[in-house]
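Structure first, then comments.
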Amino acid sequence: MERIPLYPTPPKALIETIAPSELDFNCGRCALAAGRKTVVTAEGEAGGLLVVGQGPGRHEDAEGRPNIGKSGQYLRDQLMHRWRGKVVMDNAYRCFGAGEPPADAVAKCRPFLAQTLKEAKPTRVLALGDRAIQSLLGRNVPPLRTRRGYAWLYNDGKPIPIFFLIHPAAGERNRFLRRYFEEDLEWALTAQLPPPPWSAEAKVVATREDAEEAVEDLLSTDWFSFDVEASGQLFNRDYRILCASFAALGRETVWMLEEETLKNREVFEPFRRILTDPDVAKGGSGVKYDENAFAWALDCVVKGIVFDVRLQRKLLEPEGSGYLDDMAELVGMGGHKQEARAQIDEIVKGLNRARAKARARSETEKTQTLMFATETLARLGYNPIPEGADAEAYAYGYLPRDVLLRYNGRDTLVTSKLSALKGIELSRKKPQRRIWEAVVLPAARAIRQVEAWGMPVDRGAVNLYAQYMDLQLGKLRATLKQWGDFSPSSDPQVADLLYNKLGLTSPWQTKGGKPTTEADALEQLRDKHPAVPVLLEHSRFETLRGRCDEWLRNIRDDGRIHTSINLDGARTGRASSSDPNLQSIVRPDPDHPETKMARDCFVAPPGTLFLMLDYKQIEYRMMGWLSGDEEMLKVIRSGVDFHLATAQLISRQMWGIEPGDVKKPHRSIAKTVNFAVGFGMTDETLADLLKCSVEEARKVRQAIYGAYKKLPLYIERCKEIARKDGVAWTYWEGEPARCRPMWRIADEDNYNRSKAENGAFNTAVQGSAAEFCTASLGKIVHAIVEEKLPAELVLPIHDALLFVVPKPFVREIAARAKHEMTSFKGCGDLLEVDIEVGERWGSLEHLEA
DNA sequence: CGATCACGG
DNA sequence: ACGCCGTGATCG
């Protein structure tokens, strides 16, 4: 069997490749030379720890020694308690300067650090902060997003670990960051790491015999990881799997299958057998993609997915990076994509250049772009790429074979190592393990199917809509011409027109202190000048028009839009949608016909209907459930309109009227305040919204807290937990489930602190609601697939699920989906759903169940 | 590439 | 200065 080493030569840290240089006290290599008193030298005894910090502050500059200021002293104290051996201290750059150091300081100073490294002969290296990591490794690793990351360098042929830590100065002003630093320092000084995997190799499967041997290995441990590299866009006919690789847990041999082998039924058969066997445990990183690659290109539907390291990572560390490049740092394999990345960037440039050339030529010669694109690309050695497609999706096909296979193999190895790490972490954290098993894993299995079904769309309708919008936009721009020659898409130019040329006054400033052009602000100026309503309409139409191109770009060969559903999209646990985002399409508004037209572009296939079920006011129900307030629960269970009931509860106190006399305006006020409470709005903003004084706003809020007495107590409890532990929890079946870091709650900065305080309650509400949506999605797709129900779940929209169902089965599926969405241990009776049906998404009508 | 805006829940 | 969570387009 052909063997391909994943690392033909052991990778080197950048610092090892730099020629060491004796410290130069007259150094003028970067701009820091101008302001320094002295050059801060390294100090300490060789043969133990090497601590690399960022750069000197005032104290260090005054005395020429590293780490003697306040945070330096803290670092020395922390080290003293934990490390009895020798220590050398140095910095990524050695001269003091006010403010941020110049961009080239780290690079210019690197030879001096290389000299320190040579002399220090460390057994362990600590890199404090991103610049220290940058200095040693030459790559950007944000240490807070990559906690417990490490890398390797060599000392006389012996591997020396470099541990990534946040900079101790970050902890100076935040007790949680201080805790993170101290925990990670303890780890960095004591961790025993597995040796670096530089001798790992890929074995290229070519025969049936090879395949049997590979499968035997893959079945010999608890689970295996797999990963696919491809060219083209999934769900298009030109999509090709270039290679796939597989690795058994704990092994450093990766089994590699190339395109021809995958297509060879005889050789692929053993792999197909284990991939489709639900009893063979397996997983990957963002594995829904790899599953769909096998399903689409090889008609091989993977069963038995038990892990996805990306989802596990985001569940365990929501603020950590979920990109494999970054997660590779957690297993000492950082930079594993660099070799291929550099070449892919070049290939993408080439592809885009060729396309640009083709476009330019077709314009001058007034003919079809596509034809020339094909021609030009072919001349340059590329295959045609559809107009509008991302060139990167095709770039992997042009990588040299060995680079591609190494890339794929390393990805699989990183994933395999991560699966062990995350599996252990998950087994140790009970709340996250519960929610993983009950909600996230089932939903992950479901999501790959949802993406495969895809959202039906009427291309003709989109084209017509785009034309209509172009026409309207043309008219609006023509009208705007009378007020000058400016671009209505440019905020600065619009602001200049409104506030300088037309003499209007900006109702408020943007965060950056500039006059605003926001719709809410312009709404206030609507009657002040005839240009304002035209600008408002233009802005709306322009965003709507933009969506058409995005949709058209993303229609695949099966006529559907396969949006990406990201289960790790939001830190509260909500799923997001991207490429394109189908969760933010304008809602039909009777006053603006073009809004309905947008959703009407999505048409159910002949003989089927769209069926939409959405949770009624789920966030208020969560508030009642979480706080346990009896009055709130009574209102929810009674089925009375929640805001009306709230208005009635406070009517005597607020307006001195009987509950029976509560009218629409009262309800509207109650609704606004309920809303404000849910999101932790300040009384000032609430007053703004209600157009009343801050004192009055406070009074309504207090009246509601008086009606629902346990609600303010619960809000305060969320904040207390966040202040004490630096986290906010979502809840599942009455127990904490997902944990979101809230360390900014300890910030001195009022803005960050109050944002985090609001976030603590909001995370519990929004996040716990999300658990129900995600859980029901998992349950329903499972039912559809296993029971072969006639339905497709095509889009989750936070608190709603959209299905495509053959007409005769609509009621049956609606009843079943409703059942799944409202049957949960403990609080199913609190949940209610609305049901709507229609041929077009913009024209749904209520269905009485 | 950050700031600003617009859309959804 | 004060609303949470997202994605995407556009501008400078």
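In this text, all values refer to a predicted model and were calculated from it rather than measured experimentally. In what follows, every chain begins at residue 1, and chains take the letters A, B, ... in the order their sequences are listed. Computed from heavy atoms alone, side chains included, the values below leave out hydrogens, waters and symmetry copies.
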(message) Taking atom types as they are modelled, would you say the side chain of A:Arg547 forms a donor-acceptor pair with the base of C:dG8 within the 3.5 Å cutoff?
(response) no
(request) Go through C:dC4, C:dG8, C:dG12 for me and flag the one nearest to the A:Ser490 side chain. (result) C:dG12
(message) Counting the atoms with a prime plus P, OP1 and OP2 as sugar-phosphate, which does A:Gly569 contact under 4.0 Å by heavy atoms, base, sugar-phosphate, or nothing?
(response) sugar-phosphate
(message) From the set C:dC5, B:dT4, C:dG6, return the single nucleotide nearest to any side-chain atom of A:Gln766.
(response) C:dC5
(request) Round to a whole Å and report the spacing from CD of A:Glu542 to P of C:dG8. (result) 17 Å
(request) Before accepting this row, confirm whether a basic side-chain N of the pair A:Lys699/A:Glu695 lies closer than 4.0 Å to the acidic partner's carboxylate O. (result) no
(message) Closest approach to the side chain of A:Thr543, judged atom by atom: which nucleotide of B:dA6, C:dC4, C:dG12 is it?
(response) B:dA6
(message) Under 4.0 Å, counting only non-hydrogen atoms across every strand here, what does A:Glu619 touch: a base, just sugar-phosphate, or nothing?
(response) nothing
(message) Rounding to an integer number of Å, can you tell me how far A:Trp841 CH2 sits from B:dG9 P?
(response) 9 Å
(message) Nearest to the side chain of A:Arg740, heavy atoms from C-beta on, is which of C:dC4, B:dG9, B:dA6?
(response) C:dC4
(request) Please determine, for the side chain of A:Arg574, which listed nucleotide (B:dG9, B:dA6, C:dG6) has the closest atom? (result) B:dG9
(request) Select base, sugar-phosphate, or nothing to describe what A:Glu684 touches, counting heavy atoms under 4.0 Å on all strands. (result) nothing
(message) Considering every strand and a 4.0 Å limit on heavy-atom distances, what is the contact class for A:Asp799: base, sugar-phosphate, or nothing?
(response) sugar-phosphate
(message) From the set C:dA9, C:dG8, B:dA6, return the single nucleotide nearest to any side-chain atom of A:Ala519.
(response) B:dA6
(request) With heavy atoms under 4.0 Å as the rule, sort A:Phe675 into base, sugar-phosphate or nothing. (result) base
(request) Looking at every strand, decide which applies to A:Arg599 at a 4.0 Å heavy-atom threshold: base, sugar-phosphate, or nothing. (result) sugar-phosphate
(request) Give a yes or no on this: more than 12 heavy atoms of other residues, nucleotides or ligands lie within 6.0 Å of atom CZ of A:Phe824. (result) yes
(message) I need the A:Ile715 CD1 to A:Glu720 CD distance, nearest 0.5 Å.
(response) 12.5 Å
(message) Whole angstroms only, please: what is the CZ-P distance between A:Arg738 and C:dC5?
(response) 15 Å
(message) Regarding A:Asp614, tell me which of base, sugar-phosphate or nothing describes its non-hydrogen contacts under 4.0 Å with the strands shown.
(response) nothing
(request) Could you tell me whether A:Ala770 contacts a base, only the sugar-phosphate backbone, or nothing, with contacts defined as non-hydrogen atoms closer than 4.0 Å? (result) nothing
(request) Among C:dC5, C:dA1, B:dG9, find the nucleotide with the atom closest to the side chain of A:Ala570. (result) C:dC5
(message) So if I take every side-chain heavy atom of A:Ser489 and compare against B:dG9, B:dC7, C:dC11, which nucleotide ends up nearest?
(response) C:dC11
(message) Can you confirm whether or not the ring centre of A:Phe602 sits under 6.0 Å from the ring centre of A:Trp841?
(response) yes
(request) May I ask you to decide whether A:Glu523 forms a salt bridge with A:Arg526, counting only side-chain N to carboxylate O separations under 4.0 Å? (result) yes
(message) Need to verify one output field. Residue with the more 5' nearest nucleotide on DNA chain C, A:Thr572 or A:Pro580?
(response) A:Thr572
(request) Compare the minimum distances between each of C:dG8, C:dC4, C:dC11 and the side chain of A:Ser487, then state the nucleotide with the smallest one. (result) C:dC11
(request) May I ask you to say what A:Thr763 touches in the nucleic acid, namely base, sugar-phosphate or nothing, with a heavy-atom cut-off under 4.0 Å? (result) nothing
(message) Applying a 4.0 Å non-hydrogen cut-off, can you work out what A:Ser576 is touching in the nucleic acid: base, sugar-phosphate, or nothing?
(response) sugar-phosphate
(request) Have a look at A:Ser843 and tell me which of A:Arg599, A:Glu836, A:Lys596 forms a side chain to side chain donor-acceptor pair (under 3.5 Å) with it. (result) A:Lys596
(message) Given B:dG8, B:dT4, C:dA9, identify the nucleotide with an atom nearest to the side chain of A:Asp491.
(response) B:dT4
(message) What's A:Gln493 touching, base or sugar-phosphate or nothing? Going by heavy atoms closer than 4.0 Å.
(response) sugar-phosphate
